[in-house]
Amino acid sequence: LEFQFGGTALAFGAEYLKSENDFSGEYEEEDGDAGDGELSVERNEFAFYLKLIPSYNFNIRLGYRNFEYDISDANINQINNGVLTEQDLNGVANAKLATGVDGQVNIVIGSPRSVNVALGLGYTYFIDGEYEWEYDLWENGVFMGRQMGEATANAHSVRIKPEISVPLTENLRLYARGELAATAWDAELADDDPSYPGYDIFMGAVAGVRYGFDLQ
């Protein structure tokens, strides 16, 4: 949702994104190590921003972004040389990236009455992101207890958002947009720490209509 002041190059807006996904997968390495697992992820993010629009074909926005995701029902099996050696079961985790300084540049090829091809490039710096996790650890069939931990670290997030849109009327457009985003935690931890998140990768797509209301 965005509002532009008539006759000026200034606008402000807000956006919200929610997704829920289930993942499963497996891997196998040359040395005989293998594994499989599954988990569910729910993501919520919202942003508030100011946008400077010097021309139809270029704009830049600055604002605040909040990003949180929850992992649940996580179960991971680790197999060494055909033997099940470790299981991480009933895993849950929560990441709160509550203070994000956000910026995005948008480039548009086309005109108000033509087909448009656009590209958005964004970056967020999250300050003092909080991450908590816990899971049941089994080693060689022996229950080792509930493993829990928490950490606080800054994070960097980049995204690319290509879009194509077609005008239906003067104020109405049909559009399709994709997004690829990656978030990296800036934490000084051991490389072999299996609990702490290194990267979060998000891919999504949306199609819809965009309408501009004239409030004069």
Side-chain angles (χ1 to χ4, degrees), residues 1-5 8-23 39-54 58-74 76 88 91-108 118-135 146-163 177-206:
L1 183 66
E2 186 173 288
F3 178 83
Q4 182 176 359
F5 298 95
T8 73
L10 185 64
F12 67 89
E15 62 183 13
Y16 175 72
L17 172 68
K18 178 181 177 66
S19 67
E20 297 182 29
N21 302 97
D22 296 322
F23 297 97
L39 56 81
S40 299
V41 181
E42 177 181 328
R43 295 179 178 86
N44 288 274
E45 70 173 279
F46 61 87
F48 302 99
Y49 61 87
L50 289 174
K51 180 184 286 187
L52 181 62
I53 313 172
F58 176 80
N59 62 76
I60 184 170
R61 74 180 218 190
L62 297 172
Y64 165 81
R65 184 175 170 219
N66 182 297
F67 178 36
E68 180 175 1
Y69 63 88
D70 289 284
I71 296 174
S72 60
D73 301 322
I76 301 173
D88 303 330
V92 295
N94 173 259
K96 292 182 180 179
L97 300 168
T99 307
V101 181
D102 185 69
Q104 181 171 308
V105 173
N106 301 295
I107 302 170
V108 180
L119 181 65
L121 301 173
Y123 169 77
T124 310
Y125 181 63
F126 292 104
I127 301 170
D128 292 337
E130 297 180 357
Y131 184 70
E132 300 176 350
W133 67 89
E134 57 180 275
Y135 58 93
R146 188 71 172 170
Q147 308 297 306
M148 293 178 287
E150 61 182 12
T152 300
N154 300 329
H156 307 270
S157 180
V158 294
R159 63 188 181 275
I160 180 170
K161 303 171 72 172
E163 177 182 298
R177 182 176 67 244
E179 179 176 354
L180 174 62
T183 302
W185 292 77
D186 186 12
E188 296 181 359
L189 296 174
D191 292 338
D192 60 354
D193 187 336
S195 303
Y196 199 82
Y199 302 92
D200 176 80
I201 306 296
F202 172 82
M203 292 182 291
V206 61

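Quick caveat: nothing in here was measured; it's all calculated off a predicted structure.
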Undergrad: Apply ring pair (Phe, Tyr, Trp, His ring centres under 6.0 Å) to F23 and list each qualifying residue two or more places apart in sequence or on a separate chain.
TA: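 Testing F23 for ring pair (Phe, Tyr, Trp, His ring centres under 6.0 Å), a comparison that skips the adjacent residues, returns none.
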
Undergrad: Heavy atoms only: give me the nearest L97-A155 pair and the separation to one decimal.
TA: CD2-CB, 4.0 Å

Undergrad: Any salt bridge between R61 and E2, counting N to O under 4.0 Å?
TA: no

Undergrad: Work out which heavy atom in S40 is nearest to a heavy atom in D73; give both atom names and the distance.
TA: OG-OD2, 4.2 Å

Undergrad: Side chain to side chain donor-acceptor pair (under 3.5 Å) with K96: which residues, sequence neighbours excluded?
TA: none

Undergrad: With side-chain contact (heavy atoms from CB on, under 4.5 Å) as the test, would you mind laying out the steps for F67 and L17 before giving the verdict?
TA: CA-CA 9 Å; F67 178 36; L17 172 68; over 6 Å; no

Undergrad: CG/D102 to CG/N66 distance, rounded to the nearest 0.5 angstrom?
TA: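 Output value for this atom pair is 11.5 Å.
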
Undergrad: More than 12 foreign heavy atoms under 6.0 Å from CG of L1: is that the case here?
TA: no

Undergrad: About how many Å separate CG of D88 and CG of L39, when rounded to the nearest 0.5 Å?
TA: 11.5 Å

Undergrad: Would you compute the distance between atom OH of Y199 and atom OG1 of T183 and round it to the nearest 0.5 angstrom?
TA: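 One gets 11.5 Å once the value is rounded to the nearest 0.5 Å.
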
Undergrad: Listed by chain and number, what are the side chain to side chain donor-acceptor pair (under 3.5 Å) partners of E134, not counting sequence neighbours?
TA: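 E134 satisfies side chain to side chain donor-acceptor pair (under 3.5 Å) with R146 only.
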
Undergrad: Between R43 and N21, does the side-chain contact (heavy atoms from CB on, under 4.5 Å) criterion hold? Intermediate values first, please.
TA: CA-CA 9 Å; R43 295 179 178 86; N21 302 97; 3.9 Å; yes

Undergrad: Could you check if a side-chain atom of V105 sits within less than 4.5 angstrom of a side-chain atom of I60, using non-hydrogen atoms only?
TA: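 Touching, per the 4.5 Å side-chain cut-off.
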
Undergrad: Give the minimum heavy-atom separation between H156 and Y123, together with the two atoms involved.
TA: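 Nearest pair, atom of H156 first, then Y123: ND1-OH, 2.9 Å.
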
Undergrad: Can you name the closest pair of heavy atoms from R65 and S157 and give their distance?
TA: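 So the two residues come closest at NH1-OG, 3.4 Å.
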
Undergrad: Begin with the C-alpha distance, continue with both residues' side-chain angles, and end with the deciding distance and a verdict on side-chain contact (heavy atoms from CB on, under 4.5 Å) for L180 and I201.
TA: CA-CA 8 Å; L180 174 62; I201 306 296; 4.3 Å; yes

Undergrad: Mind checking what makes side chain to side chain donor-acceptor pair (under 3.5 Å) contact with Q104, not counting sequence neighbours?
TA: N106, R159

Undergrad: Any side-chain to backbone donor/acceptor pair from Y64 onto F46? Under 3.5 Å, distance only.
TA: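 No; judged by distance alone, with no hydrogens or angles, the pair does not exist.
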
Undergrad: Tell me the closest heavy-atom pair linking Y49 and A14, and the distance in Å.
TA: CE2-N, 3.8 Å

Undergrad: Please assess F12 against F5 for the test side-chain contact (heavy atoms from CB on, under 4.5 Å), listing each intermediate value before the final yes or no.
TA: CA-CA 9 Å; F12 67 89; F5 298 95; 3.7 Å; yes

Undergrad: Minimum heavy-atom separation for A118 to V108, with atom names?
TA: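 Taking every non-hydrogen atom into account, CB-CG2, 4.1 Å.
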
Undergrad: The criterion is side chain to side chain donor-acceptor pair (under 3.5 Å); which residues satisfy it with N94, sequence neighbours excluded?
TA: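 N94 satisfies side chain to side chain donor-acceptor pair (under 3.5 Å) with E68, D70 once adjacent residues are dropped.
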
Undergrad: With E42, which residues qualify under salt bridge (Lys or Arg N to Asp or Glu O under 4.0 Å), at least two apart?
TA: K18

Undergrad: Using 0.5 Å steps for rounding, measure from the OG atom of S19 to the CD atom of E45.
TA: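 Between S19 OG and E45 CD, I get 8.0 Å after rounding to 0.5 Å.
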
Undergrad: Any donor-acceptor pair under 3.5 Å linking the side chain of N154 with the backbone of D128?
TA: yes

Undergrad: CG of L10 to CZ of F3: how many Å apart, nearest 0.5 Å?
TA: 10.0 Å

Undergrad: Taking the ring of W133 and the ring of Y135, is the distance between their centroids below 6.0 Å?
TA: no

